[in-house]
*Asks:* 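Would you mind keeping the following structure in view while I ask a few things?
In what follows, chains are A, B, ... by sequence order, proteins preceding strands, each numbered from 1.
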There are 2 protein chains.
Amino acid sequence: MNTLYNCISQYHPISSGAWEALSKALTRVEIPRNSFLVREGMICNKLYFLERGCLRGYYNLDGKEVTYWFGFENNFITSFYSFISRKPGIENIQVLEDSTMWGISSEALHQLFDQHHDLERLVRIINEQYYIRLEERLMAMQFKTARERYEQLMETSPHILQRIPLGQIASYLGISQETLSRIRSQV
Amino acid sequence: MNTLYNCISQYHPISSGAWEALSKALTRVEIPRNSFLVREGMICNKLYFLERGCLRGYYNLDGKEVTYWFGFENNFITSFYSFISRKPGIENIQVLEDSTMWGISSEALHQLFDQHHDLERLVRIINEQYYIRLEERLMAMQFKTARERYEQLMETSPHILQRIPLGQIASYLGISQETLSRIRSQV
DNA sequence: ACTTTCTTTTGACAATTGTCAAAAAAGGAA
DNA sequence: TTCCTTTTTTGACAATTGTCAAAAGAAAGT
């Protein structure tokens, strides 16, 4: 749980009371490779902090699995659309490596928000940082070639190649696996 | 200012005290077509609510203007990266039609957050809704063809064609103006 | 009306990327 | 090891999209 505390502190320091309340509300989740945290059609009621392992979010489009994010150590994980809107999502969250997470339900989190303004601020700030990341990714997707997107990924997350199959990375980059394979062979 | 109040209420109702404090902190901004709200290289210190008019955010890439969002009535407008990170951004915000806005500085907003938990919750919720929109846009960009993206835009915002030059829409969709023109002629 | 400027369309061609199919390589399990 | 499965690479070809250049059309100002 220290990992989470350290991670949180980098975003926004919270009072010891808020941390105490938060840590009481957290559940430890150990989940093995290839299992699913979320399936399409269900409402994702929990927010997770990933301490160890990795996961991916994907959905099915015309019979193909389309990966649109990966989660690694120190990331917050949820089916964002579903968690926020309280509606069923189209997203599947699959565990790619045996993972350790800390989870909190939406209800518990909102109760904590009422009691600790601190925590709501923390979440606001984290949301904002994740928004900025998403914005950067959109810009790359909109205005860069497949090769540039790949090279950018290699710079920011070189470890990803060692942990994720190529086909899933290609999907994440918005290109076919064959194209990614060819890009790599030409570098 | 009623427009803003109604808009806010749809996201999260706030106490009358919070609204009173907020409305006192707002400045009315009238800004004419073709002027700039934000220029690249500057820190954007303000968040705006657009009551009337429209704007676009763009940046320069290899001598080309790359449009990555449009703002219309009832949208919140800022150079998000710069506003959040307090750093200079690469974004230009240009006024496309004579516009009326309500603006608040970052400092004033954060002071209001300290005094009114309400308002911070409101902003958290608005952020989350904007995050979801951005996520949808990323998904479209990642996994849909140019034609599909255009058709989707026509469904969700048909008015955009009447108000925005084609070249800017093409840029927003991540395609060349010529391609968009051809897509339209083939429908 | 007539310019002037900005916007949109069209043509020709090149570059990028996708699809399908098969082969090669890598990784796991017995 | 050998077998089996999954992952990655390669080839051939098609589809999509981009680029450059020019023409046509629309809008704004005089």
*Asks:* Collect all protein-nucleotide pairs involving nucleotides 28-30 of chain C in which both atoms are nitrogen or oxygen and the distance is under 3.5 Å.
*Replies:*
none

*Asks:* Measure from CZ on A:Arg33 to P on C:dG27 and round the result to the nearest Å.
*Replies:* 12 Å

*Asks:* With a 4.0 Å limit, can you tell me whether A:Lys64 has a side-chain N or O closer than that to the phosphate oxygens OP1/OP2 of C:dG18?
*Replies:* no

*Asks:* Not counting sequence neighbours, which residues clear side-chain contact (heavy atoms from CB on, under 4.5 Å) with B:Ala18? List them please.
*Replies:* B:Ile14, B:Ser15, B:His116, B:Asp118, B:Leu119

*Asks:* Measure from OH on B:Tyr150 to C1' on C:dT8 and round the result to the nearest Å.
*Replies:* 12 Å

*Asks:* What integer distance in Å separates B:Ile175:CD1 from D:dT19:C1'?
*Replies:* 14 Å

*Asks:* What is the per-nucleotide protein-contact pattern of nucleotides 8-16 of chain D, from the 5' end, where B denotes a base atom under 4.0 Å from a protein heavy atom, S denotes such proximity for sugar-phosphate atoms only, and - denotes neither?
*Replies:* BBBBB----

*Asks:* Considering the terminal five base pairs at each end of the helix from C:dA1-D:dT30 to C:dA30-D:dT1, what angle separates the two local helix axes, rounded to 10°?
*Replies:* 50°

*Asks:* Does B:Pro158 have any side-chain contact (heavy atoms from CB on, under 4.5 Å) partners at least two apart in sequence or in another chain, and if so, which?
*Replies:* none

*Asks:* Taking atom P of D:dG29 as reference, at what distance in whole Å does atom CG of B:Asn34 sit?
*Replies:* 11 Å

*Asks:* Which residue pairs satisfy the salt bridge (charged side-chain N to carboxylate O under 4.0 Å, His left out) criterion with at least one member in residues 164-181 of chain A, sequence neighbours excluded?
*Replies:* none

*Asks:* Taking atom P of C:dG27 as reference, at what distance in whole Å does atom CD of A:Glu97 sit?
*Replies:* 15 Å

*Asks:* Rounded to the nearest Å, what distance is computed from the CD atom of residue B:Glu65 to the P atom of nucleotide C:dT7?
*Replies:* 10 Å

*Asks:* Can you tell me how far P of D:dT7 sits from CD1 of A:Ile169, to the nearest Å?
*Replies:* 12 Å

